[in-house]
There are 2 protein chains.
Amino acid sequence: METHISLLQDALKHNETVVFTANCRVEYSGRAKTHLPLGDRIIIIKPDNTLLIHQPQGATPVNWMKESHITVEKVDDLYVLQCRGQKEFLDIYLHRIHFMNTANLSDGQKLQLTGHERDMADLIAADPGVIEEGLRFAGQEEQTTYGFIDVLCYDKAGNLVVVECKRYKGGLDAVTQLRRYVERIRELKGITKVRGILACPSITGNAKKMLENWGFEHAAIEPPKYLERFRKDQRRLGEF
Amino acid sequence: METHISLLQDALKHNETVVFTANCRVEYSGRAKTHLPLGDRIIIIKPDNTLLIHQPQGATPVNWMKESHITVEKVDDLYVLQCRGQKEFLDIYLHRIHFMNTANLSDGQKLQLTGHERDMADLIAADPGVIEEGLRFAGQEEQTTYGFIDVLCYDKAGNLVVVECKRYKGGLDAVTQLRRYVERIRELKGITKVRGILACPSITGNAKKMLENWGFEHAAIEPPKYLERFRKDQRRLGEF
DNA sequence: GGGGAGAGATGCCGC
DNA sequence: GCGGCATTTCTCCCC
């Protein structure tokens with residue numbers, strides 16, 4: 001135990017990355033208050049003073065701290081990893097450390113991501129015809145005090161059309177968001193006849209009801225797919 | 001390298017928790033598509049087939065997979081950790097493994113959390129007077145087709161009052177949510193005069209404007225604080 | 001830095 | 001499983 005603790009203190013001093021597993025109890029107090037009884041966990045301390053505690057199951061950390069001041073203190077024969085933030089506090093009561101690794105990890109790379117909602121809005125802006133025949137592009141990311149409108153169009157009859165995009169199934173919040181934008185545009189431009197279209201692959205029953213109540217429409221639009229790389233070697237995937 | 005790989009394969013077979021750091025490249029394809037060039041990362045594989053990839057900075061994983069089928073394959077002289085989900089794929093190209101630990105971690109504990117929004121709603125339900133003098137409790141977690149109402153009350157004049165709680169600063173979405181509930185209650189009960197109150201510590205300027213536009217009100221309610229434990233030894237905290 | 005909204009959101013609870 | 005919604009949400013973008 002003492003070996004692990006001095007290794008930990010040394011790593012903290014030199015701002016290294018620390019990874020270890022321990023049997024511990026965790027107490028957090030700050031934005032909420034949590035208590036986690038004794039158990040085995042994986043703990044990561046990063047050079048930017050991020051601390052993560054993971055249980056052996058689940059995708060999200062059970063406790064965490066960002067930009068905290070981290071120290072080790074001995075309290076009543078027990079080593080305690082103390083994390084102090086501006087308005088947050090986290091204590092890890094270390095009953096046993098199973099293993100520990102400290103290292104200087106080097107990674108200046110940034111994740112490159114494609115396939116967000118913006119891509120879908122761009123597709124629609126480039127060709128509003130996918131939503132409705134005769135639709136013409138009028139503007140994108142229109143700024144209102146009450147939010148940002150994805151795409152603005154004119155329909156064949158010359159009416160303004162607010163299009164709200166969702167890459168996933170549309171729910172009540174998507175409909176209320178659309179409604180807010182339509183009302184805002186009506187107010188700003190002084191026009192009563194402004195149409196609202198929710199563009200998303202599918203929609204929940206209640207959302208559909210609410211759309212219809214408000215005289216809005218749903219356009220079934222599929223978001224771009226991102227499995228191209230795997231289509232061409234499906235035979236290999238089929239092995240699974 | 002070969003030692004690490006066989007250790008990894010053994011751990012995967014026996015469903016153990018694996019923690020290691022590696023110099024690697026990561027490709028993900030599924031709900032979106034990501035590319036992460038070569039760098040040092042921390043990788044965790046849990047018995048429930050959760051896989052997490054962390055860079056040496058930041059609180060959230062740079063890539064992850066849940067409930068995936070994980071295998072190691074050698075492709076062009078390079079070991080590749082392949083994760084396959086229903087509609088998702090993740091590949092980790094392992095250029096070097098710095099260290100690796102496998103273990104059987106035991107943790108059946110659940111996080112006990114207090115201080116969520118529900119606690120705030122309970123406080124208000126127990127004593128609606130904190131919002132407005134003369135307010136009487138009428139119901140909690142009222143079910144409407146369009147969502148759950150936090151607290152329902154009657155005011156001194158006998159009007160129904162819908163209370164929506166937020167533990168943080170209220171924004172446009174909080175106001176639209178309140179509006180939905182008020183309208184729903186008006187519809188259900190056939191009453192025109194239903195008041196709406198947004199109970200939260202503070203509110204954004206636009207949200208305030210929107211509230212007033214629709215005749216709703218804001219009650220400045222502080223969510224319960226969770227720093228009691230630290231007040232009593234402030235001297236020690238003052239050392240930081 | 002505040003405000004608004006998306007996220008490969010995740011997780012929880014209720015039906 | 002779907003649906004609605006909170007989250008110690010986090011993160012990005014824009015003003």
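Everything numeric here is computed off the predicted structure, so don't read it as measured data. Just so we're on the same page: letters track the sequence lines, and every chain starts at 1.
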When B:L111 and A:K110 are each assigned the nearest nucleotide of DNA chain D, the 5'-most assignment goes to B:L111
Closest of D:dT8, C:dA5, D:dC5 to the A:A32 side chain is D:dT8
Checklist entry - Can you check whether B:T60 has a side-chain N or O nearer than 4.0 Å to OP1 or OP2 of D:dC10? => result no
Nearest-Å distance once atom P is located in both C:dA5 and D:dT8:
22 Å
Heavy-atom nearest nucleotide on DNA chain C taken for B:N206 and for B:N63; more 5' hit belongs to B:N206
Whole-Å distance, B:D150 CG to D:dA6 P, equals 7 Å
A:H116 side chain near A:D119 side chain, heavy-atom distance below 4.5 Å: yes
Of B:W64 and A:Y181, the one whose nearest nucleotide on DNA chain C sits closer to the 5' end is A:Y181
Rounded to whole Å, CE of B:M120 lies from P of D:dT8 at a distance of 15 Å
Out of C:dA5, C:dG8, D:dT8, minimum distance to the side chain of A:R31 belongs to D:dT8
Rounded to whole Å, CG of B:D119 lies from C1' of D:dA6 at a distance of 12 Å
To the nearest angstrom, the NZ-P distance between A:K66 and D:dT9 comes to 10 Å
I'd like to know whether CD of A:E67 has more than 12 heavy-atom contacts from other residues, nucleotides or ligands below 6.0 angstrom.
no
Heavy-atom nearest nucleotide on DNA chain D taken for B:R167 and for A:T204; more 5' hit belongs to A:T204
Winner on side-chain proximity to A:A59, out of C:dG11, C:dA7, D:dT7, is C:dG11
*asked:* Rounding to an integer number of angstrom, what distance separates C:dG6 and D:dT7 when you compare their C1' atoms?
replied: 15 Å
Between CD of B:E67 and C1' of C:dT10 the distance, given in whole Å, is 12 Å
Among the nucleotides C:dA5, C:dA7, D:dT8, whichever has the atom closest to the side chain of A:Y28 is D:dT8
Residues B:V130 and B:I221: closest non-hydrogen pair is O-CD1, 3.6 Å
From CG of A:L52 across to C1' of D:dT8 the rounded distance in Å is 13 Å
Under a 3.5 Å limit on both distances, the Watson-Crick or wobble mate of D:dC13 is C:dG3
- Ignoring backbone atoms, test whether A:R180 places a side-chain nitrogen or oxygen under 4.0 Å from the OP1 or OP2 oxygen of C:dA5. yes
Rounded to whole Å, NE2 of B:H116 lies from P of C:dC12 at a distance of 12 Å
note: B:L172, atom CG; C:dG2, atom C1'; distance rounded to Å ~ 13 Å
Side-chain donor or acceptor of B:E88 under 3.5 Å from a matching atom on the base of C:dG8?
yes
Using only side-chain N and O atoms of B:Q177, determine if any of them is under 4.0 Å from OP1 or OP2 of D:dA6.
-> yes
Quick one: is C:dG4 close enough that its OP1 or OP2 comes under 4.0 Å of any side-chain N or O from A:R184?
no
*Whole-Å P distance, C:dG8 and D:dC5*: 23 Å
Between B:Y93 and B:V80 the two heavy atoms that sit nearest each other are CD2-CG2, 3.5 Å
If I pick the P atom on D:dT11 and the same atom on C:dG11, what distance separates them, to the nearest angstrom? 16 Å
Among the nucleotides C:dT10, C:dG6, C:dG3, whichever has the atom closest to the side chain of A:K166 is C:dG6
Without swapping roles, check the side chain of A:D40 against the backbone of B:S106 for a donor-acceptor pair under 3.5 Å.
yes
Quiz item: Quick one: do the B:K166 and B:Q177 side chains pair a donor with an acceptor below 3.5 Å?
Solution: yes
Taking the side chain as C-beta and beyond, is there a heavy-atom pair between A:L51 and A:W64 under 4.5 Å? no
Out of C:dG8, D:dT7, D:dG4, minimum distance to the side chain of B:M65 belongs to C:dG8
Regarding the side chain of B:K169, the nearest nucleotide among D:dC10, C:dG4, C:dG3 is C:dG3
